[in-house]
Amino acid sequence: MTTYLDPIVIVGAGHSGARAAAALRKHGWAGGVILVGEESCLPYDRPPLSKAVLLGRKTGEQCAFYAASWYAENGIDLLLAQSVDRIDRYSGRVVLAGGRDVAYHRLLLATGSSINPLAVMGAGLLGVLPLRTPQHAHAIADSLQSGRRVVVIGAGVIGLEVAAAALERGCIVTVLERAPQAMGRSVPSIVSEAVVAEHQRRGVDVRFGVEVAALDGMARVQAVHLATGEVLACDIVVYGLGVRPNVSLAAAAGLSTDNGIRADRHLRTADESIFACGDVCCYDSQRYGRAIRLENWRNAEDQADAAARNMLGQQLAFDAVPWFWSNQYDFALQVAGLPSLGVETKVEVIGHSRLFHSRDAKGVLQGVSAIGSVREIAGPIKEFRSLLRMTTSS
Ligand SMILES: Cc1cc2nc3c(=O)[nH]c(=O)nc-3n(C[C@H](O)[C@H](O)[C@H](O)COP(=O)(O)OP(=O)(O)OC[C@H]3O[C@@H](n4cnc5c(N)ncnc54)[C@H](O)[C@@H]3O)c2cc1C
């Protein structure tokens with residue numbers, strides 16, 4: 001086992017940062033590990049925030065990956081509520097906001113992504129919330145009282161999960177989407193139509209091609225004004241407008257950033273001491289023959305492990321088949337591969353569930369989406385992930 005004088009520093013104590021710290025120990029690194037995060041809570045799992053936490057079945061604290069004692073027991077120096085302000089690549093140090101600087105042997109950038117803001121008048125009113133942190137989730141959960149009128153702006157995965165939780169809690173729910181379809185970046189229109197139909201069947205008012213002009217209220221939000229002049233009365237507004245990668249730290253250090261921090265297939269940046277993983281990492285995908293960036297749980301897990309191994313000297317080419325899931329009401333959506341690369345999508349019925357096979361112009365399967373019970377779809381999706389692993393390499 002090799003040790004070095006300087007520690008491995010991980011910037012971003014979120015999902016992939018915490019997992020990378022654990023992976024360093026698992027793969028034999030006995031030197032120092034410093035995990036720096038600007039949030040004040042222990043690193044946590046985000047998916048339950050838009051599901052179990054909104055439904056009141058879990059608290060944000062229960063979403064922590066590990067207890068505080070775990071970090072101490074594993075010799076991981078966890079610096080919370082501290083942001084890294086600067087990377088000095090020439091001296092191999094990072095500078096924290098308070099001025100403290102820390103030398104690194106290897107540096108992992110796991111800075112994740114930030115929500116796109118709602119840029120309309122009235123966005124600062126009380127009762128207008130995004131969803132990324134436990135604080136957001138608790139605030140939304142507290143507001144989801146039966147009979148309240150909830151307007152969700154953005155019919156992406158998070159927006160639809162919020163809509164489902166709000167309806168389950170007895171709220172009157174409207175979803176407003178500027179684009180012509182829901183989850184447009186992630187699934188083909190036939191899949192989003194099937195998901196939207198589940199919302200509409202239960203009574204959610206889902207509207208497409210809608211432009212929000214302004215929000216209105218005294219101190220709290222009371223109405224959403226649409227560009228058409230229509231006014232929707234509401235008690236709470238939740239917006240989910242997608243995220244953007246947190247690249248400023250890397251960019252200021254002269255690292256290449258283009259839709260994320262650019263990394264090679266080993267998740268290494270152009271600086272051989274610096275790696276990237278998770279939502280922020282835009283890596284060379286051998287499978288797709290271009291640089292891609294993924295924003296999902298599985299990717300945060302897998303890249304954390306691969307980056308940790310590569311920081312320890314392995315040469316593991318990261319080439320996973322993308323996979324994500326969403327839970328809404330009593331059904332799950334699972335997506336393997338990149339269905340957006342398909343030009344034709346065909347449906348297969350399995351019991352009470354549906355599988356959607358997306359093929360490109362050459363007939364090559366590029367992605368499979370499934371809607372239904374986890375019991376019925378988990379097995380087929382697993383098999384398709386294996387198939388895609390073999391068939392989609394470029
Ligand atoms: C509400 C919600 C529900 C989700 N549900 C699903 C789901 O059902 N399925 C799925 O596949 N995916 C889901 N995801 C996506 C998944 O959670 C993310 O892809 C994953 O969290 C990404 O991990 P990460 O480590 O890249 O980023 P994060 O977990 O966001 O961690 C990045 C951390 O870095 C910190 N940071 C940034 N800059 C600095 C700095 N300069 N100094 C110090 N710290 C810094 C940030 O504050 C943050 O804590 C969901 C996401 C959200 C928000």
Side-chain angles (χ1 to χ4, degrees), residues 9-21 34-54 60 63-65 78-87 94-98 102 107-116 129-138 140-141 154 156-162 164-165 183 186 238-253 260-261 267 276-282 293-304 307 322-328 332-336 374:
V9 174
I10 303 172
V11 187
H15 183 165
S16 58
R19 291 298 207 214
I34 301 181
L35 178 57
V36 193
E38 64 191 5
E39 293 187 70
S40 52
C41 53
L42 289 169
Y44 57 88
D45 203 18
R46 295 188 194 270
L49 301 182
S50 50
K51 307 169 184 71
V53 176
L54 291 191
C63 299
F65 286 113
L78 179 61
L79 307 182
L80 292 178
Q82 302 198 42
S83 69
V84 170
D85 266 7
R86 197 162 60 81
I87 303 167
V94 293
V95 182
L96 307 190
V102 180
L107 179 65
L108 178 61
L109 300 176
T111 49
S113 50
S114 297
I115 38 183
N116 288 324
L129 291 157
L131 176 49
R132 180 119 195 125
T133 66
Q135 291 83 351
H136 295 145
H138 286 150
I140 296 169
V157 176
I158 305 262
L160 292 179
E161 289 185 349
V162 172
M183 302 180 292
S186 324
V238 182
Y239 61 95
L241 306 174
V243 293
R244 52 188 174 201
N246 294 326
V247 296
S248 55
L249 184 67
I261 300 172
L267 308 180
C277 68
D279 278 12
V280 79
C281 178
C282 182
R293 189 175 67 79
L294 301 167
E295 293 164 2
N296 64 57
W297 187 95
R298 185 76 256 167
N299 180 62
E301 289 280 306
D302 293 347
Q303 286 195 344
W323 175 80
F324 78 88
W325 87 95
S326 168
N327 293 126
Q328 298 167 33
L333 165 70
Q334 293 198 15
V335 179
V374 175

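Whatever order the structure lists them in is the order used to number ligands and atoms, beginning at 1.
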(request) Taking the side chain as every heavy atom from C-beta outward, state whether P47 and E161 have any pair of such atoms under 4.5 Å apart. (result) no
(request) Heavy-atom contacts with G112 under 4.0 Å: which atoms of ligand 1 show up? List them by number with element. (result) 26 (O), 27 (O), 32 (C)
(message) How close do W297 and D45 get, counting heavy atoms only, and between which atoms?
(response) NE1-OD1, 2.8 Å
(request) Using a strict 4.0 Å cut-off to heavy atoms of K51, name the atoms of ligand 1 that fall inside it. (result) 5 (N), 6 (C), 7 (C), 8 (O)
(request) Say whether N296, considering both its backbone and side-chain N or O atoms, lies within less than 3.5 Å of an N or O atom on ligand 1. (result) yes
(request) For R293 and V280, indicate whether the former's side chain and the latter's backbone hold a donor-acceptor pair under 3.5 Å. (result) no
(message) Checking the N or O distance criterion of under 3.5 Å, is ligand 1 in contact with V84?
(response) yes
(request) Using modelled atom types only, decide if a donor and an acceptor are shared between the side chain of H136 and the backbone of T133 within a distance under 3.5 Å. (result) yes
(message) Using modelled atom types and a 3.5 Å cut-off, is there a donor and acceptor pairing between side-chain atoms of S50 and backbone atoms of I158?
(response) no
(request) Looking only at non-hydrogen atoms, find the nearest pair between V243 and I115 and report the distance. (result) CG1-CA, 4.0 Å
(request) Ignoring angles and geometry beyond distance, decide whether S326 reaches within less than 3.5 Å of ligand 1 through its nitrogen or oxygen atoms. (result) no
(message) When you measure from the side chain of H138 to the backbone of G60, do you find a donor-acceptor pair of N or O atoms at a distance under 3.5 Å?
(response) yes
(request) Please check if the side chain of Q82 supplies one atom and the backbone of V36 the other of a donor-acceptor pair under 3.5 Å. (result) no
(request) Please report which non-hydrogen protein atom sits nearest to atom 37 (C) of ligand 1, along with the residue it belongs to and the distance in Å to one decimal place. (result) T111 O, 3.2 Å
(message) Taking distance alone, with N or O pairs closer than 3.5 Å, would you say W325 contacts ligand 1?
(response) yes
(message) Can you give me the closest heavy-atom contact between A304 and S16, atom names plus distance?
(response) CB-O, 3.3 Å
(request) Would you mind finding which of E38, R19, H136, E161 brings a heavy atom closest to atom 39 (C) of ligand 1? (result) E38
(request) For residues I140 and P130, report the shortest heavy-atom separation together with the two atoms involved. (result) CD1-O, 3.5 Å
(request) Determine the minimum heavy-atom distance between C277 and A307, stating which atoms define it. (result) CB-CB, 4.2 Å
(request) Measure the distance from atom 24 (P) of ligand 1 to every protein heavy atom, then report the residue, atom name and distance (to 0.1 Å) of the closest one. (result) S16 OG, 3.6 Å
(request) Around atom 31 (O) of ligand 1, find the nearest protein heavy atom and jot down its residue, atom name and distance. (result) G14 CA, 3.2 Å
(request) For atom 22 (C) of ligand 1, find the nearest protein heavy atom and state the residue, atom name and distance (0.1 Å precision). (result) D279 OD1, 3.1 Å
(request) Would you mind listing which atoms of ligand 1 come within a distance below 4.0 Å of any non-hydrogen atom of G37? (result) 43 (C), 44 (N)
(request) Examine E39 against ligand 1 and note whether any of their N/O atoms are separated by less than 3.5 Å. (result) yes
(request) Give the single entry among A20, S50, G278 that approaches atom 3 (C) of ligand 1 most closely by any heavy atom. (result) S50
(request) Evaluate the side-chain proximity of L49 to C63: yes if any heavy-atom separation is below 4.5 Å, no if none is. (result) yes
(message) Using a 3.5 Å distance criterion without hydrogens, assess whether the side chain of R132 forms a donor-acceptor pair with backbone atoms of S113.
(response) yes
(message) Heavy atom to atom 11 (O) of ligand 1, shortest distance: which of W297, W323, F65, Y44 holds it?
(response) W297
(request) List the closest protein heavy-atom neighbour of atom 13 (C) of ligand 1: residue, atom name, distance to the nearest 0.1 Å. (result) P47 CG, 3.9 Å
(request) Just need the protein heavy atom nearest to atom 29 (O) of ligand 1, so name the residue and atom and give the distance. (result) H15 N, 3.1 Å
(request) Go through ligand 1 atom by atom and flag the ones less than 4.0 Å from a non-hydrogen atom of S83. (result) 42 (N), 43 (C)
(message) Below 4.0 Å from ligand 1: does a non-hydrogen atom of Q82 turn up there or not?
(response) yes
(request) State the atoms of ligand 1, each with its element, that fall below the 4.0 Å cut-off from a heavy-atom position in A110. (result) 32 (C), 33 (C), 34 (O)
(request) Have a look at ligand 1 and work out which part of N327, if any, has a heavy atom under 4.0 Å from it: side chain, backbone, both or neither. (result) neither
(request) Could you list the atoms of ligand 1 found under 4.0 angstrom from a heavy atom of F324? (result) 11 (O)
(request) Return the residue, atom name and 0.1 Å-rounded distance of the protein heavy atom closest to atom 35 (C) of ligand 1. (result) G12 CA, 3.8 Å
(message) Measuring only between side-chain heavy atoms, which start at C-beta, is E39 closer than 4.5 Å to L80?
(response) no
(message) What I'd like to find out is whether the side chain of L54 reaches to under 4.5 Å of the side chain of L131, using heavy atoms alone.
(response) yes
(request) Considering only non-hydrogen protein atoms, determine which one is nearest to atom 17 (O) of ligand 1 and report residue, atom name and distance to 0.1 Å. (result) R46 CB, 3.5 Å
(request) Below 4.0 angstrom from a heavy atom of V36, which ligand 1 atoms are there? Numbered from 1 as shown, please. (result) 43 (C), 44 (N)
(message) Minimum heavy-atom separation for A97 and D85, please, with both atom names.
(response) CA-OD2, 3.5 Å
(request) Just let me know how E295 lines up against ligand 1, side chain, backbone, both or neither, with a heavy-atom cut-off below 4.0 Å. (result) backbone
(request) Give the contacting part of I158 toward ligand 1: side chain, backbone, both or neither, where contact means a heavy-atom distance below 4.0 Å. (result) side chain
